[in-house]
Every structure is written in C-alpha cells, then in structure tokens.
Amino acid sequence: HLAGRSPLKRRPDLELCEVELVHACGRWPERTRGVIVDAFTDDALVEILDSDGRTLDLLAVRYEDVALLPGATQERLPV
C-alpha cells in the first residue's frame, strides 16, 4: 500500500521528549503525560507509561494536541 510513496520525514530532535496532552485523546484525559517515541513532520507517536515504566498505550497525535514539557527528555542510551 506504500508503493511509490515518499518515506515520512522524521523529527529526531523531538524523540524522547516528554509531552502532555492538551485535549483528551481516546481514554486518556487532558494533561496525561507521555513520551514521544517516533516523531515525524506533522505528527508523533506518544507512549503512555505506568509508574513502573510499562507501556499502557501508544497514541498517534498531532503536535497541536500535545505540549512539550520544558527540559523533560528521556536519557538516550547507547545501542
């Protein structure tokens, strides 16, 4: 289904940034916090975690639906 389509442009500068939902999204209320795990030009995949770091949900959101939290980025570990 992607034959002939251009690859999505990534935004690595936003990956692992912590965000807060500006509006409710699915079962998640406004102000729910998450981490951007994949960032693209127009939207991002945000991971919602529990207090033990387990994934509860993955949300595809537009940037206008989240607010970046200042200074809140996750540590990048060497691969």
Side-chain angles (χ1 to χ4, degrees):
H1 74 324
L2 296 177
R5 307 274 316 253
S6 301
L8 294 172
K9 293 183 181 174
R10 299 187 65 86
R11 292 280 316 267
D13 58 310
L14 294 176
E15 290 177 359
L16 301 182
C17 287
E18 191 173 352
V19 295
E20 186 174 85
L21 297 177
V22 176
H23 310 286
C25 183
R27 66 182 176 128
W28 303 102
E30 176 182 341
R31 302 188 71 196
T32 297
R33 291 185 175 197
V35 176
I36 295 176
V37 293
D38 278 317
F40 302 99
T41 303
D42 298 323
D43 56 9
L45 187 62
V46 174
E47 182 178 27
I48 307 297
L49 304 165
D50 69 10
S51 59
D52 293 322
R54 290 184 294 246
T55 300
L56 297 174
D57 208 348
L58 291 168
L59 309 173
V61 298
R62 297 180 318 233
Y63 291 114
E64 57 263 23
D65 295 329
V66 294
L68 288 174
L69 298 175
T73 58
Q74 302 296 314
E75 180 182 1
R76 291 182 184 266
L77 299 175
V79 184

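- Here the side chains of Leu14 and Leu68 are in contact, with some heavy-atom distance below 4.5 Å.
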For a quick test of your reading: what N or O donor-acceptor pairs under 3.5 Å do the side chains of residues 36-47 make, sequence neighbours left out?
from: Asp38; atom 1: OD1; to: Arg10; atom 2: NH2; distance (Å): 2.8
from: Thr41; atom 1: OG1; to: Lys9; atom 2: O; distance (Å): 3.3
from: Glu47; atom 1: OE2; to: Thr55; atom 2: OG1; distance (Å): 2.3

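- Summarising the geometry, atom CG belonging to Leu59 is positioned 4.5 Å from atom SG belonging to Cys25; distances are rounded to the nearest 0.5 Å.
- Considering OG1 of Thr32 and CG of Leu56, their distance stands at 10.0 Å, rounded to 0.5 Å.
- Val22 forms part of no hydrophobic cluster, judged by ILVMFWY side-chain heavy-atom separations under 4.5 Å.
- Under the side chain to side chain donor-acceptor pair (under 3.5 Å) criterion, Arg54 pairs with Asp50, Asp52, sequence neighbours left out.
- Glu20 and Arg33 get closest at one heavy-atom pair: OE2-NE, 3.5 Å.
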